[in-house]
Every structure is written in structure tokens, then in C-alpha cells.
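Structure, as C-alpha cells:
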Amino acid sequence: ELRRFPAAPPPIMEIQASLTKTAKRKDKERLERKEEERDVFREIPLRYLGYANEVGEAFRHTVPVRVVHLSYVLASSYVVAHAASQGFRASRRAKDNSSTISRSPDPTPSLDPVRPQTELTTAPSLAVADTLVWQGLASVAIPGLTINRLCAVSRFLLSRHAGHLLPQQARKWAVVAVGLGSIPFIIHPIDWSVDRFMDHLIRPWLRKLITDT
């Protein structure tokens with residue numbers, strides 16, 4: 001009678017190869033997830049388009065007014081493109097979540113069966129609306145108005161108190177320097193203020209509005 005022996009354990013090399021393959025697959029998934037979460041609209045040099053109108057306001061008194069208008073077109077185009085990108089990414093995440101739930105052999109039941117589908121449906125709309133409002137305020141409206149007023153005040157003060165010391169051309173470029181030099185200092189306070197404003201007023205209202213509709 002033949003005796004049965006337990007199966008021999010897999011060779012060490014096969015175990016190492018399997019572990020290496022698993023590690024590579026996880027690294028690849030991690031890189032794909034990181035690439036998917038990457039927001040190119042917040043990276044240089046594309047991010048500079050969001051500052052176009054601020055630069056235009058700084059040069060308002062030295063260039064034709066249509067150049068200033070063009071700077072606002074560029075900044076607004078950046079805002080719209082960023083909002084569309086955020087909506088697309090939210091829609092793709094919603095589809096991935098939906099397919100994951102449908103493939104699950106035993107999905108966890110929800111207390112409100114309508115809510116998951118509602119969230120998947122409205123998430124792209126909420127992402128687009130949130131980005132449009134935030135970028136419209138933080139990248140276009142408030143910075144443009146701030147630089148406009150700073151340059152106007154600087155131009156008035158230079159004309160009144162340094163008109164006899166500096167020629168007109170020098171005063172114009174001094175105003176440009178004030179406007180451009182102010183941009184790095186106003187970015188973070190404006191972003192912080194818009195974040196607080198959005199968190200306390202706009203975002204709750206947007207969620208309620210989109211969810212109700």
C-alpha cells in the first residue's frame with residue numbers, strides 16, 4: 001500500500017517571485033491612484049493662468065485696456081477649465097464607486113437606499129459648482145479688485161506727493177511694481193478668507209441646493 005505524504009511546500013524562489021509580483025502590482029496601483037488624484041490645474045506653469053488678471057490690473061495704466069480685458073478672459077478660462085476637470089474627475093470617481101458596489105458579493109445595506117445613488121449623481125455637479133465659486137472669487141474677482149485698488153491708491157499718492165520728484169513715466173512703472181509686488185502677499189490671505197467663507201456659507205448652501213434638486 002502506497003503511503004500518502006503531504007504536499008511539499010512551494011520552493012523559496014516561487015514564494016519570492018509571488019511576493020515580488022504582488023508588491024509590483026500594489027506599487028503600480030498606488031502610482032495610478034496618485035496620478036488620478038493629481039490636479040494639473042494647481043501645478044506650475046498652468047497655475048499661472050489664474051494670476052493673469054492680477055498681472056493685467058498691475059499694467060492697466062501702461063497698456064491698452066483690451067490687454068487687461070484679455071487677461072480676465074485668460075483667468076476666467078482657467079477657472080472654467082478647472083471646474084470642468086473637477087467635475088469630470090468626480091464623475092469618474094462616482095462611476096468607479098458604483099461599479100465597485102455592484103461587483104460586491106455582499107454589499108453593506110444602507111439605512112437610506114436612495115442616498116448613495118443621489119450622492120453619486122450630484123457629486124460632479126457639486127464639484128463643478130464649488131470650483132467655479134471658489135476659483136471665481138479667489139482667482140479672479142477678489143485679487144483683481146485688490147490689485148486694481150492698490151494700483152489706484154499708489155497712482156494717486158505718487159501723483160500727489162511725488163509728482164515733482166518723478167516723471168510721469170517713472171510713476172507709471174512704480175505703480176506696476178506695486179501691483180506685481182503685491183501679488184505674492186495677497187494670495188494666501190485671500191485663499192484663506194475664501195475657504196472660510198465657502199465652508200461656513202456657500203458649501204452648505206450648494207450641498208442643500210443640489211441635493212434638493
Side-chain angles (χ1 to χ4, degrees), residues 33-34 36-58 60 68-69 71-98 100-101 108 110-154 178-213:
R33 192 160 52 247
K34 185 177 180 181
E36 183 179 348
E37 294 174 355
R38 177 187 175 192
D39 189 356
V40 295
F41 284 89
R42 293 185 178 274
E43 297 181 0
I44 298 172
L46 197 57
R47 180 68 184 94
Y48 282 144
L49 289 177
Y51 303 124
N53 64 309
E54 298 162 55
V55 176
E57 286 292 351
R60 176 177 285 273
V68 181
H69 294 166
S71 71
Y72 274 88
V73 171
L74 290 174
S76 300
S77 299
Y78 166 84
V79 171
V80 172
H82 192 195
S85 172
Q86 293 294 92
F88 173 76
R89 293 173 63 187
S91 177
R92 186 169 57 184
R93 285 194 299 268
K95 290 180 180 178
D96 291 342
N97 292 337
S98 178
T100 301
I101 293 174
T108 303
S110 173
L111 296 177
D112 183 2
V114 178
R115 185 176 179 185
Q117 184 62 33
T118 303
E119 289 181 350
L120 293 178
T121 304
T122 58
S125 302
L126 182 60
V128 171
D130 186 274
T131 306
L132 277 177
V133 176
W134 194 95
Q135 290 284 10
L137 291 174
S139 294
V140 180
I142 299 177
L145 179 62
T146 303
I147 298 298
N148 180 285
R149 292 299 85 198
L150 283 173
C151 289
V153 171
S154 301
V178 170
L180 294 178
S182 302
I183 294 176
F185 298 98
I186 68 173
I187 292 173
H188 295 297
I190 289 176
D191 288 353
W192 183 88
S193 301
V194 173
D195 276 334
R196 303 288 83 73
F197 174 70
M198 294 285 293
D199 288 340
H200 290 88
L201 294 176
I202 302 299
R203 283 178 178 134
W205 178 77
L206 281 176
R207 292 191 186 97
K208 184 176 185 304
L209 176 66
I210 293 177
T211 303
D212 291 342
T213 55

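This structure is a prediction, so every number in the text was calculated from the model and none was measured. Along the sequence shown, residues are numbered consecutively beginning with 1.
Contacts of L145 classified as side-chain contact (heavy atoms from CB on, under 4.5 Å), with partners at least two apart in sequence or in another chain: R149. Every side-chain contact (heavy atoms from CB on, under 4.5 Å) that L74 has, sequence neighbours left out, goes to A52. By the salt bridge (Lys or Arg N to Asp or Glu O under 4.0 Å) test, E57 pairs with R60, sequence neighbours left out.
Nearest heavy atom pair, residue A75 against residue G50, reads CB-O, 4.3 Å. Scanning both residues, A138 and D191, for their nearest heavy atoms gives CB-OD1, 3.7 Å. The two atoms that bring A127 and T131 nearest to each other are O-OG1, 2.8 Å, heavy atoms only. I187 and I183 make their closest contact through CG1-O, 3.0 Å (heavy atoms, listed as atom of the first residue, atom of the second, distance). Counting all heavy atoms, side chain and backbone alike, A58 lies closest to C151 at CA-SG, 3.9 Å.
In this structure the side chain of S182 reaches within 4.5 angstrom of the side chain of I147, judged on heavy atoms. Counting only heavy atoms from C-beta outward, the side chains of L137 and I190 never approach each other to under 4.5 Å. Side-chain contact between W205 and M198 is absent, with no heavy-atom pair separated by less than 4.5 Å. The shortest side-chain heavy-atom distance between P204 and K208 does not fall under the 4.5 Å cut-off. You'll find the side chain of I202 stays beyond 4.5 Å of the side chain of W134, heavy atoms only.
Looking at S85, its side chain never comes within 3.5 Å of a backbone N or O of A81 through a donor-acceptor pair. Remark: the backbone N or O of F88 is not paired with any side-chain donor or acceptor of S91 at under 3.5 angstrom.
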Worked check of side chain to side chain contact (heavy atoms under 4.5 Å, CB included) between V140 and Y78: CA-CA 10 Å; V140 180; Y78 166 84; over 6 Å; no

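Note that CD of Q86 is 11.0 Å distant from CG of L126, once rounded to the nearest 0.5 Å. In this structure, CD in E54 is found 11.0 Å from CD1 in I142, a value given to the nearest 0.5 Å.
Using modelled atom types, one finds a donor on one side chain and an acceptor on the other under 3.5 Å when comparing Q135 with S139.
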